[in-house]
Amino acid sequence: MLATDTLTDALRSSVRGDILVEGDPLYDERRIGWNAMYDRRPAAIARCTGVADVQAAIAIARQRELPIAVRSGGHSFPGASTTEGGLLLDMGPMQGVTVDPKARTAVAQPGVTWGLFDRETQAYGLATTGGVVSTTGIAGLTLGGGIGRLQRMHGLTCDNVLSFDVVLADGSLVRASGDENTDLYWALRGGGGDYGVVTSFTYRLHRVGPEVLGGMVMWPVEQAAEVLAAARTVIADAPDPLSFQIFFIDAPRLEMIPADIQGQPMIVLGASWLGERLTDGEEVLREIRKVGTPAIDTIGPIPYEILQSLSDVLAPFGNRTYLKTGFVSDLTADVVEVMSTVSAQRVGSTSMFEFVLMGGELSRVDPDATAYSQRDGELCWNAIAMWPDPAETEAQVAWCRDAEREMAPHTLPGRYINFLADADDGDVRGAVGDRTFARLTEIKERYDPDRVFARNPNL
Ligand SMILES: Cc1cc2nc3c(=O)[nH]c(=O)nc-3n(C[C@H](O)[C@H](O)[C@H](O)COP(=O)(O)OP(=O)(O)OC[C@H]3O[C@@H](n4cnc5c(N)ncnc54)[C@H](O)[C@@H]3O)c2cc1C
């Protein structure tokens with residue numbers, strides 16, 4: 001108790017933001033992230049308001065040899081943004097976004113979510129590749145790579161970062177960019193967190209929308225074979241402005257879904273066209289939308305900012321979650337068969353199997369240019385389990401692991417580190433490959449030799 005009091009006093013005297021401890025009304029909300037599986041209790045939470053707060057909090061944690069965790073959007077799958085007994089640096093209060101429309105850049109603080117980022121950049125008709133759920137943080141997503149609807153036109157999120165401001169473990173503030181600390185700049189683009197605390201991101205922006213084409217088509221799962229055959233044709237020569245995702249899911253119990261299909265297993269196409277002429281997108285999607293008898297087809301003109309929040313209803317805070325992931329090179333008959341079988345074995349009503357079309361601009365970036373190294377896979381697949389009841393944990397985790405085993409013969413080497421649910425070195429080495437792993441290890445040694453930041457599945 002005394003130790004906590006002393007820590008709290010030290011933090012309150014040097015950090016401008018609020019300090020939360022057990023018993024504070026906000027403590028419970030901020031200590032658990034999106035994945036409710038990680039119910040941890042930090043000794044204190046420092047709600048950082050700027051660089052100086054981050055520096056002060058790190059110094060205090062180091063003096064007391066407390067583990068540090070960093071939370072921005074709180075969406076870490078493996079619960080890396082909370083800590084048991086350590087100091088949690090909550091970047092939530094740092095929500096600034098400044099757009100320079102002439103230079104087409106945005107400077108954003110780490111507490112910004114994609115919803116906020118898109119809102120501010122779309123005010124100028126601009127955007128960069130960002131996550132497909134608006135509550136996800138820009139910070140963790142960017143540091144791991146950043147898969148999103150604009151990736152085939154403009155590369156991954158990390159391909160669009162011009163510079164990072166970073167507080168290092170020794171408290172110094174450095175810039176990492178194409179000119180300064182270039183090794184750190186390389187690592188922060190896809191290598192994950194734990195090299196320091198990023199306090200500012202500068203992004204390159206692109207003209208997008210405001211109106212684009214997007215929405216979903218939902219068919220009863222019995223029509224999956226036809227839908228997937230049509231999907232393979234679309235994917236074969238997909239133009240860069242096409243964003244394309246298929247999921248196997250039970251139709252959610254939402255007002256917008258007809259009552260007679262709610263809870264029924266479905267195959268769903270989520271597609272958008274981010275290019276200028278929406279009629280080109282209509283054309284590319286025409287044939288697949290005609291397949292079988294869709295239960296719903298919502299594809300039409302939509303503001304980009306709204307499109308970016310359409311999936312929010314599928315991903316509320318408060319569930320437990322686990323996932324397995326990988327890349328495949330094509331939607332062959334074998335892959336389709338495995339996906340269909342695995343999807344049919346889903347447990348509960350909120351888990352899903354999905355694949356997302358990769359390729360386009362992201363695959364043209366030199367794989368050595370950033371720490372994000374898997375740029376060949378045509379499709380990224382995810383078996384995502386979400387469940388509210390702890391009693392289901394074993395069955396849900398087992399389903400994801402089975403899915404991984406079944407997909408293994410078709411899965412390419414390398415995985416996306418932001419989709420790793422298990423947090424050990426073996427997973428990260430396997431995900432990024434030996435060469436990238438070795439380079440990341442060297443950079444970690446240079447910037448954080450004492451392993452002050454050690455919450456992520458890396459190194
Ligand atoms: C519902 C949901 C939807 C998702 N959608 C997508 C998607 O469309 N595309 C995609 O690519 N990924 C997606 N992801 C995965 C997502 O990229 C990662 O979970 C990412 O880590 C989330 O970032 P965050 O800031 O919200 O997370 P946090 O949990 O706050 O942080 C995750 C980790 O990143 C590090 N980190 C966070 N902030 C900082 C900082 N300021 N400085 C240094 N390190 C920091 C920390 O070490 C932390 O442990 C999704 C995840 C969820 C749960």
Side-chain angles (χ1 to χ4, degrees), residues 30 32-38 48 51 54 58 67-83 86 88-92 94 108-115 117 129-151 156-158 164-169 176 184 187-188 190-201 243 245 270 308-323 325 350 352 354 356 358 362 372 380 382 384 386 416-421 423 447-448 452-458:
R30 303 308 293 172
I32 304 181
W34 185 86
N35 187 354
M37 199 135 88
Y38 299 97
C48 299
V51 171
V54 173
I58 293 173
I68 294 175
V70 184
R71 173 187 174 130
S72 288
H75 277 223
S76 164
F77 281 113
S81 48
T82 186
T83 164
L88 177 57
L89 270 59
D90 180 2
M91 302 290 124
M94 295 176 67
Q109 291 186 310
V112 170
T113 57
W114 284 107
F117 186 89
T129 307
V132 301
V133 171
S134 74
T135 54
T136 310
I138 61 163
L141 184 140
T142 303
L143 294 168
I147 291 179
R149 291 189 173 92
L150 289 166
Q151 63 184 6
L156 300 167
T157 313
C158 70
F164 303 87
D165 286 356
V166 193
V167 177
L168 299 178
L184 185 60
L188 293 174
D194 279 358
Y195 301 91
V197 179
V198 178
T199 52
S200 173
F201 297 79
S243 154
Q245 180 182 13
Q308 282 286 85
S309 63
L310 283 185
S311 305
D312 290 7
V313 286
L314 299 177
F317 273 74
N319 281 316
R320 286 158 176 76
T321 197
Y322 190 79
L323 80 165
T325 186
T350 46
M352 66 172 88
E354 64 159 7
V356 179
M358 306 298 285
L362 84 91
Y372 181 95
C380 174
N382 293 305
I384 309 176
M386 280 182 281
Y416 175 31
I417 61 169
N418 270 349
F419 290 162
L420 295 181
Y447 288 93
D448 181 18
V452 170
F453 306 110
R455 291 292 305 125
N456 282 288
N458 67 1

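Worth saying up front: this structure is predicted, and the values here are computed from it rather than measured. As the structure lists them, so they are numbered: ligands from 1, and atoms in each ligand from 1. Here, residue 1 is the first one in the sequence, and each next residue gets the next number.
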Trainee: Verify, without hydrogens or angle tests, whether Gln308 (side chain) and Gly131 (backbone) share a donor-acceptor contact under 3.5 angstrom.
Mentor: yes
Trainee: Answer yes or no: does an N/O atom from Asp194 fall short of 3.5 Å to an N/O atom of ligand 1?
Mentor: no
Trainee: Check whether any side-chain heavy atom of Leu143 sits under 4.5 Å from a side-chain heavy atom of Phe164, and report yes or no.
Mentor: yes
Trainee: Are any of the N/O atoms in Thr136 less than 3.5 Å from those in ligand 1?
Mentor: no
Trainee: Is any side-chain heavy atom of Met91 less than 4.5 Å from a side-chain heavy atom of Val54?
Mentor: yes
Trainee: Measure the shortest side-chain to side-chain distance between Ile138 and Ser72 over non-hydrogen atoms and say whether it is less than 4.5 angstrom.
Mentor: no
Trainee: Looking only at distances, can you tell me whether any N or O atom of Val132, backbone or side chain, sits closer than 3.5 Å to an N or O atom of ligand 1?
Mentor: yes
Trainee: Got a donor-acceptor contact below 3.5 angstrom from the Asn35 side chain to the Ser76 backbone?
Mentor: no
Trainee: OH of Tyr447 to CG of Leu184: how many Å apart, nearest 0.5 Å?
Mentor: 5.0 Å
Trainee: At the 4.0 Å heavy-atom cut-off, does Gly145 count as touching ligand 1?
Mentor: no
Trainee: Nearest non-hydrogen contact with atom 34 (O) of ligand 1 belongs to which option: Ser200, Gly144, Gly140?
Mentor: Gly140
Trainee: Looking at ligand 1, is there an atom of it that comes within less than 4.0 Å of some heavy atom belonging to Gly196?
Mentor: yes
Trainee: Need the ligand 1 atom indices (1-based, order shown) with element for anything under 4.0 Å from a heavy-atom of Val133.
Mentor: 3 (C)
Trainee: Would you say ligand 1 has an N or O under 3.5 Å from any N or O of Leu141?
Mentor: yes
Trainee: Between Ile147 and ligand 1, which part of the residue brings a heavy atom under 4.0 Å of the ligand: side chain, backbone, both or neither?
Mentor: both
Trainee: Could you establish whether Tyr195 and ligand 1 come within less than 4.0 Å of each other, counting only heavy atoms on the residue side?
Mentor: no
Trainee: Select one of side chain, backbone, both or neither to describe which atoms of Thr199 lie under 4.0 Å from any atom of ligand 1, heavy atoms only.
Mentor: neither
Trainee: Pull out every atom of ligand 1 sitting under 4.0 Å from any heavy atom of Ser76, numbered as shown with elements.
Mentor: 19 (O), 27 (O), 28 (P), 29 (O), 32 (C)
Trainee: Evaluating non-hydrogen atoms only, which member of Gly193, Gly137, Gly33 is closest to atom 26 (O) of ligand 1?
Mentor: Gly137
Trainee: For the ring pair (Phe, Tyr, Trp, His ring centres under 6.0 Å) test, which of Trp34, Phe419, Trp114 pairs with His75?
Mentor: Trp34
Trainee: Within ligand 1, which atoms have a heavy atom of Phe77 less than 4.0 Å away?
Mentor: 15 (C), 51 (C), 52 (C), 53 (C)
Trainee: So between Val198, Ile417, Asn35, Thr142, whose heavy atom ends up nearest atom 41 (N) of ligand 1?
Mentor: Val198
Trainee: Which ligand 1 atoms are under 4.0 Å away from a heavy-atom of Ala80?
Mentor: 49 (O)
Trainee: By number and element, which atoms of ligand 1 are closer than 4.0 Å to a non-hydrogen atom of Ala315?
Mentor: 1 (C)
Trainee: Any side-chain heavy atom of Ile68 within less than 4.5 Å of one from Leu89?
Mentor: yes
Trainee: Measuring only between side-chain heavy atoms, which start at C-beta, is Met386 closer than 4.5 Å to Leu314?
Mentor: no
Trainee: So Leu156 and Ile147, do their side chains get closer than 4.5 Å, heavy atoms only?
Mentor: yes
Trainee: If I take atom CG from residue Leu150 and atom CG from residue Leu362, how far apart are they, to the nearest 0.5 angstrom?
Mentor: 12.0 Å
Trainee: Do Tyr372 and Thr157 have side-chain heavy atoms sitting under 4.5 Å apart?
Mentor: no
Trainee: Show which atoms of ligand 1 fall inside a sub-4.0 Å distance from at least one heavy-atom site of Gly131.
Mentor: 7 (C), 8 (O)
Trainee: I need the minimum non-hydrogen distance between Arg30 and Gly92, along with the two atoms involved.
Mentor: NH2-CA, 3.8 Å
Trainee: If we only consider heavy atoms of Phe453, is any one of them less than 4.0 Å away from an atom in ligand 1?
Mentor: no
Trainee: Evaluate Leu143 for polar contact with ligand 1, using N/O atom pairs at a separation under 3.5 Å.
Mentor: no
Trainee: Considering the heavy atoms of Val197, write down every atom of ligand 1 situated less than 4.0 Å from one of them.
Mentor: 42 (N), 43 (C)
Trainee: Under a 4.0 angstrom heavy-atom cut-off, which atoms of ligand 1 come close to Pro110?
Mentor: 41 (N)
Trainee: When you compare ligand 1 with Asn418, is there at least one nitrogen or oxygen pair between them that comes in under 3.5 angstrom?
Mentor: yes
Trainee: Does the N or O separation between Gly148 and ligand 1 drop below 3.5 Å for any pair?
Mentor: no
Trainee: Just to be sure I read this right, does ligand 1 sit under 4.0 Å from the backbone of Ser72, its side chain, both, or neither, counting only heavy atoms?
Mentor: both
Trainee: Using modelled atom types and a 3.5 Å cut-off, is there a donor and acceptor pairing between side-chain atoms of Thr82 and backbone atoms of Gly79?
Mentor: no
Trainee: Would you indicate whether the side-chain heavy atoms of Phe201 and Leu188 approach each other to under 4.5 Å?
Mentor: no
